Amino acid sequence: TRIFKPNSCPHHPSNERLELLQEILDASTAIATDSNMDSIDQPIDDYYQCDKHQLHILRAIALDSLGRSAEALRDWEKCVEFAVETFPPVDETTIALRVQLALCARSLANEESIVKMEQAKKNKKRKKEQ
């Protein structure tokens, strides 16, 4: 198990950062599943939601930086969903997360349109060769 220092996360290369974040998310799920919380009313997973929210933000940023917009979009959606359920209606965090979600979706749409244009060019080229 690696030691994770939150302040050092941005200094890791994106691939390594993504692995670290996934390890932490997996570990928090395991702790929530394995813990016996008879002494309190809430399940332990509720106590980790804010931390998991921050980890999903970091993971979405890492995925975006790797050009994996489709995967990042799912994390941005989780972040927005959490913010809408948890924060006040017009909270600046929720607004910022919605902007990031929109930017990611636009990036994904641009990627898909570029792929379609390249495919159309290849098809056109093949037709000319025939």
Side-chain angles (χ1 to χ4, degrees):
T1 305
R2 292 181 269 185
I3 296 174
F4 177 74
K5 296 177 183 174
N7 294 339
S8 70
C9 190
H11 303 293
H12 291 287
S14 294
N15 284 330
E16 187 177 333
R17 187 175 343 142
L18 193 56
E19 290 174 18
L20 284 168
L21 293 167
Q22 193 58 51
E23 282 180 25
I24 295 167
L25 283 167
D26 292 344
S28 70
T29 302
I31 290 169
T33 304
D34 295 341
S35 294
N36 181 1
M37 300 297 289
D38 293 336
S39 61
I40 57 174
D41 295 334
Q42 285 183 296
I44 192 168
D45 196 41
D46 289 348
Y47 291 98
Y48 289 105
Q49 291 305 313
C50 283
D51 293 336
K52 286 171 70 174
H53 168 70
Q54 293 299 319
L55 292 171
H56 281 290
I57 291 172
L58 292 173
R59 183 180 140 97
I61 293 168
L63 288 166
D64 268 338
S65 71
L66 291 169
R68 293 164 57 182
S69 300
E71 294 172 73
L73 189 66
R74 288 191 297 268
D75 278 309
W76 287 123
E77 288 170 342
K78 287 179 186 177
C79 294
V80 168
E81 182 180 317
F82 176 82
V84 167
E85 292 173 0
T86 309
F87 302 136
V90 188
D91 185 72
E92 59 273 359
T93 301
T94 307
I95 294 167
L97 290 170
R98 286 179 189 268
V99 169
Q100 283 302 133
L101 175 65
L103 291 171
C104 185
R106 173 131 185 181
S107 174
L108 184 60
N110 287 342
E111 290 171 16
E112 289 173 355
S113 66
I114 290 170
V115 169
K116 286 179 184 177
M117 284 183 1
E118 289 174 358
Q119 189 63 40
K121 286 179 185 178
K122 287 179 186 177
N123 290 341
K124 189 175 181 179
K125 187 177 180 179
R126 278 190 221 140
K127 286 180 183 179
K128 283 183 180 180
E129 290 173 355
Q130 293 174 351

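Bear in mind that the values here come from a model prediction, so they are computed numbers and not experimental data. Residue numbers count from 1 along this sequence.
- Residues His56 and Asp75 come closest through the heavy atom pair ND1-OD1, 2.6 Å.
- Inter-residue side-chain proximity for Leu97 and Ile57 is flagged as met; some heavy-atom pair is nearer than 4.5 Å.
- Lys125 NZ to Asn123 CG: the interatomic distance, rounded to the nearest 0.5 Å, is 12.0 Å.
- Between the CZ atom of Phe82 and the OG1 atom of Thr93 there is a distance of 10.5 Å, given to the nearest 0.5 Å.
- Leu58 and Leu63 sit in two unconnected hydrophobic clusters of ILVMFWY residues. Membership requires side-chain heavy atoms under 4.5 Å apart, directly or through other members.
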Ile61 and Trp76: CA distance, side-chain angles, deciding distance, side-chain contact (heavy atoms from CB on, under 4.5 Å) verdict: CA-CA 9 Å; Ile61 293 168; Trp76 287 123; 4.0 Å; yes
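- For the atom pair NZ (Lys121) and CE (Met117), the distance works out to 5.0 Å, reported to the nearest 0.5 Å.
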Verdict with reasoning, Arg68 to Leu18, per side-chain contact (heavy atoms from CB on, under 4.5 Å): CA-CA 11 Å; Arg68 293 164 57 182; Leu18 193 56; 3.4 Å; yes
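- By the salt bridge (charged side-chain N to carboxylate O under 4.0 Å, His left out) test, Arg106 is found to be paired with no residue, residues two or more places apart in sequence or in another chain being considered.
- Both Leu101 and Leu108 are part of a single hydrophobic cluster, where members link through side-chain heavy atoms under 4.5 Å apart.
- The side chain to side chain contact (heavy atoms under 4.5 Å, CB included) test applied to Ser107 returns Ser69, Glu111, not counting sequence neighbours.
- Interatomic distance, Glu16 CD to Glu19 CD, rounded to the nearest 0.5 Å: 7.0 Å.
- Leu73 and Val84 fall within a single hydrophobic cluster, where Ile, Leu, Val, Met, Phe, Trp and Tyr side chains are chained together by heavy-atom contacts under 4.5 Å.
- Evaluation of the salt bridge (charged side-chain N to carboxylate O under 4.0 Å, His left out) rule for Glu77 yields no partner, not counting sequence neighbours.
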